[in-house]
Amino acid sequence: MIEIKDLHKSYRMGSNSLHVLKGINFTAEEGELVAIMGSSGSGKSTLLNILGMLDLADSGEYTLDNVPIKDLSETKAAQYRNKFLGFIFQSFNLINYKSALENVALPLYYQKVGRKERQEKALNYLERVGLKEWATHLPSELSGGQKQRVAIARAMAAEPKVLLADEPTGALDSKTSYEVMDLIQKINDEGNTILVVTHEEDIAHMCKRIVHLKDGVIVEDKKIEQVRAQQYV
Amino acid sequence: MFNRDRWREILEVLTSNVGRTILTAFGVCWGIFILIVLLAAGKGFENGIRADFGDIATNTMFMWTRRTTKPYEGLPKDRSFEFKVSDVQAIWDNVPNLRFVSPRNQLGGFRGGGNVIRGIRVGAYNVYGDYPEIINQDPMSVTSGRFINHNDIKDKRKVAVIGQGVKSELYDKDEEVLGSYIKIQGVNFMVIGTYKKKNNDGDGEEAQKEIYVPFTAFSQAFNRGEDVGWMAITAHDGSSISELKHNIIDVMKTRHKIHPEDKRAVGHFDLYEQFNRVESLFVGLKAIAYLVGIMVLLSGIIGVSNIMLIVVKERTKEIGIRRALGEQPWSIKKQILMESIFLTIISGMAGIIFGSLVIYGINSLLDNTGPVDMFVNPSVSVSVVSGAMMILIISGLLAGFIPANSAIKVRPIEALRTE
Ligand SMILES: Nc1ncnc2c1ncn2[C@@H]1O[C@H](COP(=O)(O)OP(=O)(O)O)[C@@H](O)[C@H]1O
Ligand SMILES: [Mg+2]
C-alpha cells in the first residue's frame, strides 16, 4: 500500500541546513496498523507529512497504492489527498465555525458529493464515532475526546486508503486516549491501513507494528502483539 | 459555482466581523457614490446647456455683412455691402452638402426697435422676413393656423405667424387671432398662425415674442429690395458646417469683390463649433467625474484588498486544513475572489442607492424651488449604473486577486503549522 525508498528531507534555516530524514526505507501493507515512534524532534511528523503529500521530500521514491507520488501539481496533490488520505491531527484541526456535521461533510464536499448524500454519509460516520447527537454542535461545544472523534469521522468520511494520525492522543488524557485508540483499532479491524505517530509506549503497543525513528533513520521495525484498548475503556 | 454552501461561507466570513466589514465597505460605497453624483451633476449641467440650445439645428452657421477691411480690385477699404437674394442660389450652386440656405431680414433686435400695433395695443417685437425652411432650422411648433409657405413667398402675401408671447400681449384671452390684422411699422399683416418654441427658461420669454412674415413680403413692405440681412445655413448631417463655411464665405467674397484675405468683411457665427466646444466640455466633465470617482473607488478597492489579505491571514490555518482535506487550490481562490466581489458589489450598490437618493432629493428640491439656470434634471442613466456595476465586479476581482493568490501560496504544511 505504502512504499518509500531512500527518503531524504532537510530544512533550511538561513545558512544552516537541518537534515531530518536521512534515507528512510519503509513499506506498509494494506490493513496494517503501524506506530511510528521516536523522541521529540526525531522527524516523525516530517515523515508523516511527506506521506500525506502535505510536504515534499528532497529525494527518494514514494508509491501509494501503486501510484508513484512524484512532481505533483498542487491541484493533483489536493485530489490525491482527498481520494487516498485521511488526516487526524494532535490539535484536531476542526473548522471552528462549522458544526460537527459540516466538518465531517467537508471532504465529501470536495469530492462534489451532493448536499443531501453528503449530510447522510457524514451523519452516518458521526454515528459510528458515537456523536450523532452532537451533529449540530460547534467544535467549541465539544470536549477534546469528542473533537478527536469528529476529526476521525471526518478522516473516514472520504473513505481513504490510508489514515494518517499525528499524535492523535497527544492532547488527551489517558482514558480519552484509549477511547480514541479503541476507535482507531475498530477502523483498522475493518481493513483500513492506519499510520499512527506517537511517542507514548502504551499507545504504540495498541498498534500491530512499531517503527522506531532515531537520528533520521529507522532503527527498529517490529511486529507486536496488539493490546486492545477496549479493556481500558 | 453559486451553490448554497459557498454563499453561506461568504456570509459567515463577512459577518464574523461586522464592524470591520462595514468600514471596508464604506470606501467602495463612497467611491461609487461620488462617481454617481458627479456624473449626475455633469448630466444636469449638460441638460441645462442643451436646453439653452433648444431644438435649434446645431449644424448651422449664421452669416452677415460688415465693412471691408482691405481694398480690392480698385474698390476702397471700409466699403459696406449687402448680401443679395441671388447669393442664395450662388451658394446652392457652389457648395455641396447643404440642407437649408435661408436668407433672412429682421426688424427690431439689434437692427432697431420694431413697432407692432393692434388697435390700442403696442408692442416691440423682433420681426423676421423668412422662407418656410426656417422652421427646420429654428424649430417651433405651430399651435394654431399654419406657418409661412411657398405660395406666401411667391405671392408676397402680407401674412404673419406670431409667437404665443405676442398673442398674449396683443390679444385678449379668448379673442380670435387667426384672420386678424396687426400693423408692423405701419404695414398691415394678417395673422395666419401662432407658434410656440421649445426652449429653456432663460431666453424662453423672448423666443415666444417673435413675428415671422414671408421674406418677399418683408422686402417689399420695408423696402429692402434685393438685400438680405443675414443667412442661416444648415449642412446635411453627414458633413460639418464648420468645414463648409469656408467655401460659402469664399463664394460670398468672390461675388462681392472682397479681398480673399479680408477676414472681417463677412461676419459669421458657427453654431456647430460652439456646440462642439460645449460637447467637449461635457466630455471633459464626464472624464473628471470618472477620474475622481475611480480614484476614490480605487482607494476603496485597496481597502477591500487589504482586509481580504487580513482575512486570508487569519484563515491561514483553516485554509491549510481545507487543503489537507483535499480542497482544490482554485476552489480556495474562487472562494476568496467571490468574497471580495460580493463585498465590493454590496457596498457599491449601497453607494449607488445612496447616490440615487441624493440625486432624487436634488431633483425634488429643484422642482420645488423652481428652475436654476444651466442646471436641469441631474440624473444617471441605466447605462451609467450598469457601467458602475461592471466597474464594481472588475474592482472586486482586482481587490480579491492578491489575497486569493496569497491564500494558496502558503504550502499546506506551513498553513497547518500556524496558530
Ligand atoms: N518547517 C520547519 N523548518 C525548520 N525546521 C523544522 C521544520 N519542521 C520541523 N523542523 C525540525 O525538524 C525536526 C523534526 O521535526 P518533526 O518532524 O516535527 O519531529 P517530531 O514530530 O518527531 O517531533 C525538528 O528538529 C524540528 O525542529
Ligand atoms: Mg511531531
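Residue numbers begin at 1 in each chain, while the letters A, B, ... track the order of the sequences. These numbers come from the heavy atoms of this one structure, side chains and all, not from hydrogens, waters or symmetry mates.
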Take atom [atom1] of [X] as the centre, draw a 6.0 Å sphere, and report whether it contains more than 12 heavy atoms from other residues, nucleotides or ligands.
| X | atom1 | result |
| --- | --- | --- |
| B:Ile402 | CD1 | no |
| B:Lys286 | NZ | no |
| A:Tyr11 | OH | yes |
| B:Met390 | CE | no |
| A:Glu30 | CD | no |
| B:Phe401 | CZ | no |

Given A:Gln111, A:Met53, A:Arg118, the one with more heavy-atom pairs under 4.5 angstrom with chain B than any other is A:Arg118
For chain B, which of A:Leu54, A:Asn49, A:Leu94, A:Asn96 has the most heavy-atom pairs under 4.5 Å?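 It is A:Leu54.
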Rounded to the nearest 0.5 Å, how far does OG1 of A:Thr46 lie from CD1 of B:Ile413? 8.0 Å
CG of A:Asn103 to CD1 of B:Ile321: how many Å apart, nearest 0.5 Å?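 Reported to 0.5 Å precision, the distance equals 8.0 Å.
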Considering heavy atoms only, which positions within residues 71-87 of chain A lie below 4.5 Å of chain B?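 Contacts with chain B: A:Glu74, A:Thr75, A:Ala78, A:Gln79, A:Arg81, A:Asn82, A:Phe87.
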Chain B contact via A:Glu102 - side chain, backbone, both or neither, heavy atoms under 4.5 Å: side chain
Considering only heavy atoms from C-beta outward, does the side chain of A:Ser91 approach that of B:Lys317 to under 4.5 Å? yes
Which one wins on heavy-atom pair count under 4.5 Å against chain A: B:Glu318, B:Gln328, B:Glu414, B:Glu327? B:Glu327
Interface check, chain A: of B:Arg8, B:Arg315, B:Arg323, most non-hydrogen pairs under 4.5 Å belong to B:Arg323
Nearest atoms (heavy-atom pairs only) where A:Asp55 meets B:Arg411: OD1-NH1, 2.8 Å
For B:Leu325 and A:Tyr110, which heavy atoms make the closest approach, and how far apart are they? O-CD1, 3.8 Å
